[in-house]
Amino acid sequence: VQLQAYGGGLVQAGGSLRLSCAASGRTFSGYAMGWFRQAPGKEREFVATINWNGHTTDYADSVKGRFTISRDNTKNTVYLQVISLKPEDTAVYYCAGSIRGLTRTTNLVDYWGQGTLVTVSS
């Protein structure tokens, strides 16, 4: 699976964005998908994940209520709608695919996208 993330940008605190991740290659619907992020000088961390049919999701506590993950298997795309952005949300956001199901762990990710930068100004 090849993953291409896009939709990042510079926004003011309180603003919103929708990140997208387009998949190509193997059967997209067979994978759980997720988003991770990495801020400068920090380790990559879990943000959100969604199972193969979109019926189950999981979020990091820091983004619950502000971020929503969804997927459209007909378009081979996973989305991350982000609202009420905070400066601490500034990071490169990576989409990820896992054949093993929902995962919060980078070690269980099988495929990574290239990342899209989100910068939140105060």
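Identified under the disulfide (SG to SG under 2.5 Å) test for residues 23-75, with sequence neighbours left out: none. Contacts classified as salt bridge (Lys or Arg N to Asp or Glu O under 4.0 Å) and involving residues 32-41 (residues at least two apart or in different chains) are given here: Arg37-Glu45, Arg37-Asp89. Within the structure, the disulfide (SG to SG under 2.5 Å) test picks out no pair touching residues 52-85 (sequence neighbours left out). Legend: salt bridge (Lys or Arg N to Asp or Glu O under 4.0 Å) pairs involving residues 111-122, not counting sequence neighbours: none detected. Residue pairs meeting the side chain to side chain donor-acceptor pair (under 3.5 Å) criterion with at least one partner in residues 72-82, sequence neighbours excluded, are Arg71-Asn73, Asp72-Thr74. Among pairs with a residue in residues 95-107, those fulfilling side chain to side chain donor-acceptor pair (under 3.5 Å) read Asp58-Arg104, Arg100-Asp110, at least two apart in sequence or across chains.
Ala32 approaches Gly101 most closely through the heavy-atom pair CB-C, 3.3 Å. Closest approach of Lys64 to Asp61, counting heavy atoms only: NZ-OD1, 3.3 Å.
For Ser122, there are no side-chain hydrogen bond (donor to acceptor under 3.5 Å, both in side chains) partners, not counting sequence neighbours. Residues passing the side-chain hydrogen bond (donor to acceptor under 3.5 Å, both in side chains) test with Gln38 are Arg44, sequence neighbours excluded. With sequence neighbours excluded, no residue forms a side-chain hydrogen bond (donor to acceptor under 3.5 Å, both in side chains) with Lys86. Scored by the side-chain hydrogen bond (donor to acceptor under 3.5 Å, both in side chains) test, Glu88 finds no partners at all (sequence neighbours excluded).
Summarising the hydrophobic clusters (Ile, Leu, Val, Met, Phe, Trp, Tyr; side-chain heavy atoms under 4.5 Å, direct or chained), the residues clustered with Val92 are Phe36, Phe46, Tyr94, Val109, Trp112, Leu117. Listed by chain and number, the hydrophobic cluster partners of Val78 are Val1, Leu3, Val11, Leu17, Leu19, Phe28, Tyr31, Met33, Trp35, Val47, Ile50, Tyr59, Val63, Phe67, Ile69, Leu80, Val82, Leu85, Tyr93, Ile99, Tyr111, Val118, Val120, where partners are ILVMFWY side chains within reach of under 4.5 Å, directly or through others.
With hydrogens and angles ignored, the 3.5 Å screen pairs a side-chain donor or acceptor of Gln114 with a backbone N or O of Ala5.
Put simply, OG on Ser20 and CD on Gln4 are 11.0 Å apart, with the number rounded to the nearest 0.5 Å.
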